[in-house]
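Working notes for the structure below.
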Amino acid sequence: MRQLPLADPGIPNHRSPARYLWWVAGGQARTLAGGMAFGIVWMGAQAFIPAILGRAIDEGIAAKDGERLLQWTALLFAVGVVQALAGIMRHRFAVTNWLMAAYRTVQVVTRKSAHLGATLPKHLATGEVVSVGAGDLAYIGNLMEVSARFAGAIVAFVVVAAILLSSSTTLGLVVLIGVPIMLFCLGPMLRPLHRRQSAQREAVGELNSLGSDIVAGLRVLRGIGGEESFSRRYRSESQVVRKAGVRVAGIQSMLDAAQVLLPGIFVVLVVGLGAHFALRGNLSAGSLVAFYGYATFLVLPLRTATDFANQLMRGLVAAGRVIRVLKLEPDITDPAAPLQLPDHGDLVDPVSGVRARDGLLTAVVSAESDSYAELADRLGRYDESSEVRYGGVTLASATRADVRERILVSDTGAQMFTGVLRTELDPDGRRTDDELMAALRTASAEDVLVALPDGLDSEVEEKGRSFSGGQRQRLVLVRALLADPSVLVLVEPTSAVDAHTEARIADRLRDHRAGRSTVVLTASPLLLDRVDEVIFVAAGRVVATGKHRDLLETEPHYRRTVTRQTEEEEALR
């Protein structure tokens, strides 16, 4: 299949849904113009068919002129062929416009999500972003698709009105005045439809967020017996969505009914007037047939116009949800005059006093386990207030790209994605099979590979759900090792593995990272016994530094933290 001509979308800096839709249309102006051109030809050809039929009846059948009848029949056939070919091309352009608009929106939202990084989940729930990809992109695509037919509908209306005016001024005026009046009658339904659609999309987003939370915590829910409670909550939220959908359907059904009723009344009016004029001798039989054809044909442009208005309302609602993502700004921004970080150096956190010396395997033990995440955020510059220095240069004075290239934080929230395992572990494809196997051995993940049917070419399911918690943790460690940053920060890298596997990882990690800085945030004795230096942090500040065994002997607080004993239990020993 030919690849769609999707240009680099960038990230638009628009604050209104209308501007965003205009930006999307501008990005595919050529295909929109092509779709409109063929839409005009397609619908314009249909507009001429009643006129040709009327002439064929008057000049061929009524006049009993076989030659003229044959000529008009041949012209009718030619117009039919043009209409068919234009219809095919219009449909091809319509599909292209739909795909380009929908997937350009996916590109923009995905790029913005990657740009926001850790900022996104702080401001938007997962369901909000999922709703954009699940439904909103379709509404934006529908709007771009119907635009080609809408352009044809406008031109066809003008053509028919001109033909009717030339044949009968009265009927021409009825068409010119009646169609706008019908559209005006539909207008009052569009504003409440817009409000109800917005409310429904909000409810769907909240339900998606709840669903994703339940799926993510399903194992925990089963463990504590909370399935029934969350099931009741989900049923309640789904009923809210259902009621919102029913409210939308109510006014939508009225709009759909009006799209049939009003054109029907209009057709009856035009045909009745035409029959009246024919009986008075002001219209020929062929003209009456032509007028009936025009009246029935005008239903199509009218329904297309109302469909465009409906899709425009839906598109504005969808674009508003896209804008909610696009208007977010990262919590961390690049400096105006960034400095270059050195290739090597000590990583120093002035807030806690932690100093990870260059080239060493350093462990940081905190008396408050919940402080690991805060320290990791500072060390990796995920905290705007961070004053961490690397090689004497503050991370805040460098670009985020420069920091990410040199310092990698792999925490307990690291995820796996759907795809081939080889690509999952080495996204850039820079590592050889030997390097992949070396990293797998360091993370003691050879057994994971052996259990897979196609080895490194096996498919990984969403979030690596086919793996156990320990297997996922080891594969995440493999991915971090293959990135090979200057500084690797690991947060509880062995919390989900057994003691024997943890011991193997501890033995191999030092050799694999030889010559590069590695910081492990953990209280695991197996890891602590094999690092070059242990830094003990209590109440957010460094209180001791040294070897693990030395600190066990000299620091009671450190000993209690690592052995997980209380003062009373320690006194009984």
Side-chain angles (χ1 to χ4, degrees), residues 347-349 351-357 359-380 382 388 407-414 439 442-445 468-481 483 485 487-514 516-553 555-565:
L347 186 65
V348 182
D349 175 30
V351 175
S352 63
V354 169
R355 174 184 290 270
R357 291 189 288 169
L360 297 185
L361 175 58
T362 305
V364 178
V365 180
S366 176
E368 301 81 22
S369 59
D370 56 352
S371 66
Y372 285 140
E374 297 177 5
L375 178 58
D377 285 347
R378 292 199 300 271
L379 295 178
Y382 291 99
V388 172
I407 303 174
L408 172 64
V409 177
S410 180
D411 60 18
T412 54
T442 300
S444 191
S468 67
Q471 289 175 328
R472 282 198 304 271
Q473 189 174 57
R474 284 179 284 163
L475 290 174
V476 167
L477 176 58
V478 171
R479 185 172 59 191
L481 293 173
V487 180
L488 177 59
V489 180
L490 302 173
V491 181
E492 297 281 11
T494 58
S495 59
V497 301
D498 60 79
H500 296 291
T501 303
E502 185 176 22
R504 288 194 296 270
I505 295 173
D507 288 333
R508 298 167 183 174
L509 184 60
R510 180 204 299 270
D511 292 337
H512 190 96
R513 292 286 300 170
R516 287 151 297 175
S517 300
T518 305
V519 182
V520 183
L521 279 58
T522 182
S524 169
L526 287 173
L527 282 171
L528 297 174
D529 195 36
R530 290 162 174 82
V531 302
D532 296 313
E533 187 173 63
V534 178
I535 301 174
F536 180 52
V537 177
R541 294 291 302 174
V542 173
V543 296
T545 302
K547 291 288 187 178
H548 168 62
R549 295 180 183 273
D550 295 337
L551 293 177
L552 286 176
E553 295 295 331
E555 289 291 333
H557 194 180
Y558 173 82
R559 183 168 58 251
R560 289 194 297 271
T561 300
V562 172
T563 60
R564 295 176 175 83
Q565 290 183 327

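Any value given below was found using the heavy atoms of this structure, including those in side chains, with hydrogens, waters and symmetry copies removed. Since we're looking at a predicted model, the values are computed, not measured.
- Although no hydrogens or angles enter the test, the distance criterion places no donor-acceptor pair under 3.5 Å between the side chain of Glu374 and the main chain of Ser371.
- The side-chain hydrogen bond (donor to acceptor under 3.5 Å, both in side chains) search around Ser410 returns none, not counting sequence neighbours.
- Among pairs with a residue in residues 523-540, those fulfilling side-chain hydrogen bond (donor to acceptor under 3.5 Å, both in side chains) read Arg357-Glu533, Glu502-Ser524, Asp507-Arg530, Arg510-Asp532, Asp529-Arg549, at least two apart in sequence or across chains.
- Partners of Pro485 according to the side-chain contact (heavy atoms from CB on, under 4.5 Å) rule, which considers only residues two or more places apart in sequence or in another chain, are Leu408, Ala483, Leu488, Arg513.
- Not counting sequence neighbours, the partners of Asp349 by the side-chain hydrogen bond (donor to acceptor under 3.5 Å, both in side chains) test are Ser352, Arg378.
- A search for salt bridge (Lys or Arg N to Asp or Glu O under 4.0 Å) contacts involving Arg479 returns Glu424, not counting sequence neighbours.
- Shown here for Ala496 and Gln473, the closest heavy-atom pair between the two residues is N-OE1, 2.8 Å.
- The local environment of CD in Glu553 is sparse, with at most 12 non-hydrogen atoms from other residues, nucleotides or ligands closer than 6.0 Å.
- Heavy-atom minimum distance, Pro525 versus Val562: CG-CG1, 3.5 Å.
- Under the side-chain hydrogen bond (donor to acceptor under 3.5 Å, both in side chains) criterion, Ser369 pairs with no residue, sequence neighbours left out.
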When the side chains of residues 534-545 are checked against the rest of the protein, which donor-acceptor pairs come out under 3.5 Å, sequence neighbours left out?
{"residue": "Arg541", "atom": "NH1", "partner": "Pro350", "partner atom": "O", "Å": "3.0"}
{"residue": "Arg541", "atom": "NH1", "partner": "Val351", "partner atom": "O", "Å": "2.5"}

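- With sequence neighbours left out, the side-chain contact (heavy atoms from CB on, under 4.5 Å) criterion links Thr501 to Ser444, Arg474, Val497, Asp498, Arg504, Ile505.
- With Leu490 as the partner, the side chain to side chain contact (heavy atoms under 4.5 Å, CB included) test is satisfied by one option alone out of Leu521, Leu509, Val476: Leu509.
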